[in-house]
Number of protein chains: 2
Amino acid sequence: MVRLVDIAKRANTSVTTVSIVLGNRPYNVMISDATRQAVLQAAQELGYAPDMAARRLRHHGSDHRTIVLAIAHPIDGRLSLISRIVAGAQRQLHAMREEVQASIGVIQLIVETYELGQLQQLRGLIEPYWFNGLLITNTSPEDDEYVEGLTPSVPIVLFQRETRHSSVTTDGEHVGRLATQHLVDLGHRRIGLIYPDAASQAQEQRIRGYHNVLQQAGLPLGPEVVALGRNWAEGAYMAMQRVLSSIASERPTAVFTTNDLLAIGAMRAIRDWGLRIPEHIAVVGCDDAEFAAYHDPPLTTVHLPIEDMAARATLMLLDMIRQRARVPMQESFPVHLVIRRSSGPPNGAEEPTL
Amino acid sequence: MVRLVDIAKRANTSVTTVSIVLGNRPYNVMISDATRQAVLQAAQELGYAPDMAARRLRHHGSDHRTIVLAIAHPIDGRLSLISRIVAGAQRQLHAMREEVQASIGVIQLIVETYELGQLQQLRGLIEPYWFNGLLITNTSPEDDEYVEGLTPSVPIVLFQRETRHSSVTTDGEHVGRLATQHLVDLGHRRIGLIYPDAASQAQEQRIRGYHNVLQQAGLPLGPEVVALGRNWAEGAYMAMQRVLSSIASERPTAVFTTNDLLAIGAMRAIRDWGLRIPEHIAVVGCDDAEFAAYHDPPLTTVHLPIEDMAARATLMLLDMIRQRARVPMQESFPVHLVIRRSSGPPNGAEEPTL
DNA sequence: AACCACTACTAAAACCTTTTAGTGCACTGT
DNA sequence: ACAGTGCACTAAAAGGTTTTAGTAGTGGTT
């Protein structure tokens with residue numbers, strides 16, 4: 001391992017000088033060009049890499065650029081969201097790579113909370129000054145109390161959860177309303193709902209939005225079934241089967257699912273039952289996952305700018321880390337309905353164009 | 001921040017004693033039960049959390065239990081693989097949580113290598129003794145030289161790449177043969193191929209397997225088209241359009257894609273062209289991604305035990321970290337064909353059962 | 001000649017933990 | 001009485017970096 005002292009020896013100077021040159025810190029200290037070059041060259045030749053442990057020990061993480069993404073409940077279905085969050089965070093870091101000198105992109109940390117169902121372990125992460133910023137996603141309602149009580153030593157941004165810390169969110173009620181209103185506008189009068197057993201805050205909001213629209217339209221609350229288990233698609237498949245086995249007159253002509261994975265599970269069930277989408281039952285999801293546009297039929301869904309949100313969350317963290325921002329920030333992102341072929345008017349009144 | 005010395009004061013003892021008690025290290029040192037209890041209680045009361053930086057500075061990471069998952073080329077499509085790898089790694093850590101005392105699950109680190117296209121940044125990660133084990137995935141052929149040249153200070157396991165380090169792999173040629181042979185057995189005589197522009201080692205192997213089968217069967221090499229860009233589904237969609245626009249007599253009756261995301265892109269193109277799957281064109285993928293079973297038609301694909309592989313890789317790392325194993329280990333995992341409805345005999349000779 | 005300002009550089013402390021090499025004490029056996 | 005043994009505990013050094021407070025040397029003003 002190459003240390004500062006090794007470079008100092010080779011460049012015939014002191015450890016202090018080397019540290020200043022390599023960390024290109026200003027201080028009130030001047031270094032001649034000759035010395036600077038000598039140090040730089042020696043470092044290059046020896047292949048110096050700073051010891052992060054020592055650096056962080058010195059000043060409790062304040063200089064070390066590391067952002068952690070904590071995923072509270074790594075349930076299968078939710079993991080697919082990670083991809084987009086990571087992509088967004090990376091995009092931001094990439095764009096600012098000069099500024100933040102981030103040779104390292106994102107560090108994401110998975111906190112395993114299967115048995116506890118709580119984020120308690122975070123304490124063990126935050127205290128030891130491991131990192132400089134924390135992006136938390138997938139928190140469940142039970143985590144709320146704990147998360148709110150945190151007085152972290154580093155800035156925190158929550159993904160899709162309102163909090164007294166910073167957050168990036170979408171208006172979940174609006175999402176639910178957009179999807180449901182779309183179905184109402186198409187003429188549906190019995191609109192069912194499929195949601196997962198461990199609903200996140202965002203999903204609860206979507207359900208409220210769904211209820212709002214139905215009440216305002218004076219429509220009956222359609223069957224609401226819960227998708228059980230960790231595998232959302234499978235849970236929704238079985239949930240939809242329960243819906244389908246009810247008597248035909250009570251069967252909804254459309255279902256709203258609180259995310260896209262649930263939607264494809266439900267769609268599979270509908271097809272396996274021998275019914276057509278959207279002619280017999282229309283389906284609308286949320287999230288606009290990667291596969292939504294390629295599914296058959298392509299899924300009507302509410303598009304969430306997940307990557308943009310993650311990029312913004314990362315920027316928030318960076319700003320807070322760099323003291324540019326001090327107060328918690330909340331930002332809500334716009335969403336929009338993407339109409340594809342899984343939704344259409346009831347009773348196949350109008351055949352969808354291929 | 002609570003330090004060892006704070007606990008020592010409160011418990012009326014020395015820093016050394018506290019360190020020994022809290023780290024429950026044996027040494028050749030004995031601690032009376034009274035002292036031990038006093039220390040434990042003081043630590044509890046003060047809410048002690050060890051400073052990882054100091055700990056690691058002391059002995060270059062050897063005690064600190066952290067495994068890093070490095071994803072070399074975080075292209076959109078490949079990110080979806082992460083979910084399953086993370087899930088597998090977590091399962092293993094969870095199963096061994098007593099043994100490894102891992103309050104922290106997995107730390108996964110995304111190395112951003114967009115512009116370099118190389119894993120060079122890993123150097124900046126390995127040298128500073130950040131962690132104790134490294135699980136690398138998504139390396140591209142260009143990374144080979146660098147990865148092979150690594151003489152890491154920590155154990156390394158590669159995912160889906162043969163190497164002089166340890167690895168967990170599947171037999172890519174076998175994967176390609178399974179899929180292609182299935183199509184040949186169904187009676188297809190023109191079998192096309194869709195593969196991504198930045199093919200991984202595993203994917204190249206699958207392509208070889210495909211070639212093998214066609215040659216052995218004396219069949220012509222079908223059209224081989226490359227899916228361009230980071231979005232595999234989209235790339236495959238356009239690639240498939242190119243295939244479809246060739247004259248009908250040269251059009252394949254089946255296509256093999258080197259992963260499932262490519263498959264759904266191709267399927268979308270086939271349907272949009274007004275053709276049916278599998279009657280006009282059969283499709284077979286690889287990976288058995290989550291959505292494969294729920295797609296319409298459900299996708300025939302080669303199932304890879306990704307989670308098991310990740311769990312095994314994690315166990316390998318743990319064993320190497322704990323010195324139970326010293327030599328590199330290679331392990332190849334069995335795969336199997338999952339026949340669903342996207343594949344069938346050519347010319348719709350036999351209608352698939354719904 | 002005394003003082004100041006400025007440049008270029010450095011010694012040493014601090015950050016917190018782990019581990020080696022002890023110390024002091026109470027017994028035991030001769 | 002004295003070496004030997006085992007127990008319970010501790011002082012101090014080490015690990016690599018950053019940063020404060022300082023030194024030495026030079027040139028320029030009063």
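Bear in mind that the values here come from a model prediction, so they are computed numbers and not experimental data. Throughout, protein chains are lettered first and strands after them, A, B, ... in sequence-line order, and every chain is numbered starting at 1.
- Across A:Met316 and A:Ser167, no two heavy atoms sit closer than the pair CE-O, 3.7 Å.
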Sequence neighbours excluded and cut-off under 3.5 Å, please list the side-chain donor-acceptor pairs for residues 7-15 of chain A, or say none.
unit_1: A:Arg10; atom_1: NH1; unit_2: A:Glu45; atom_2: OE1; d: 2.1
unit_1: A:Thr13; atom_1: OG1; unit_2: A:Thr17; atom_2: OG1; d: 3.3
unit_1: A:Ser14; atom_1: OG; unit_2: A:Thr16; atom_2: N; d: 3.4
unit_1: A:Ser14; atom_1: OG; unit_2: A:Thr17; atom_2: N; d: 3.2
unit_1: A:Ser14; atom_1: OG; unit_2: A:Thr17; atom_2: OG1; d: 3.0

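- Of the listed residues (B:Leu317, B:Val157, B:Leu158), just one forms a side-chain contact (heavy atoms from CB on, under 4.5 Å) with B:Ser166, and that residue is B:Val157.
- The distance between atom CG of B:Leu57 and atom P of C:dT19, rounded to the nearest whole Å, is 12 Å.
- Using a 4.5 Å heavy-atom cutoff, the side chains of B:Phe333 and B:Ile306 are not in contact.
- Applying the side-chain hydrogen bond (donor to acceptor under 3.5 Å, both in side chains) criterion to A:Thr35, with sequence neighbours excluded, gives A:Ser32.
- Atom pair B:Arg55:CZ and C:dT19:C1' shows a separation of 14 Å (rounding to whole Å applied).
- Taking atom NZ of residue A:Lys9 and atom C1' of nucleotide C:dT10, one finds them 16 Å apart after rounding to whole Å.
- Partners of B:Glu162 by salt bridge (Lys or Arg N to Asp or Glu O under 4.0 Å), not counting sequence neighbours: none found.
- The shortest distance between the side-chain N/O atoms of B:Arg58 and the OP1/OP2 oxygens of D:dG15 is not below 4.0 Å.
- B:Asp6 places its CG atom 11 Å from the P atom of C:dC15, with the value rounded to the nearest Å.
- Base pairing in DNA chain C gives the following stems of 3 or more Watson-Crick or G-U pairs, range against range and under 3.5 Å: C:1-30 with D:1-30.
- Residues forming a salt bridge (Lys or Arg N to Asp or Glu O under 4.0 Å) with A:Arg36 (at least two apart in sequence, or on another chain): none.
- OP1 and OP2 of D:dG15 both lie 4.0 Å or more from every side-chain N or O belonging to A:Arg3.
- Taking side-chain N and O atoms only, B:Tyr48 has no distance below 4.0 Å to OP1 or OP2 of C:dC16.
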Expected rows: protein N/O vs nucleotides 8-10 of chain D N/O, under 3.5 Å:
unit_1: D:dC9; atom_1: OP1; unit_2: B:Ser32; atom_2: OG; d: 3.2
unit_1: D:dC9; atom_1: OP1; unit_2: B:Thr35; atom_2: OG1; d: 2.4
unit_1: D:dC9; atom_1: OP2; unit_2: B:Ser32; atom_2: N; d: 2.6
unit_1: D:dC9; atom_1: OP2; unit_2: B:Ser32; atom_2: OG; d: 3.0
unit_1: D:dC9; atom_1: OP2; unit_2: B:Thr35; atom_2: OG1; d: 3.1
unit_1: D:dT10; atom_1: OP2; unit_2: B:Thr13; atom_2: OG1; d: 2.6
unit_1: D:dT10; atom_1: OP2; unit_2: B:Ser14; atom_2: N; d: 3.0
unit_1: D:dT10; atom_1: OP2; unit_2: B:Ser14; atom_2: OG; d: 3.0
unit_1: D:dT10; atom_1: OP2; unit_2: B:Thr17; atom_2: OG1; d: 2.7

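- Looking at B:Tyr48 and B:Leu4, their side chains come closer than 4.5 Å, going by heavy atoms from C-beta outward.
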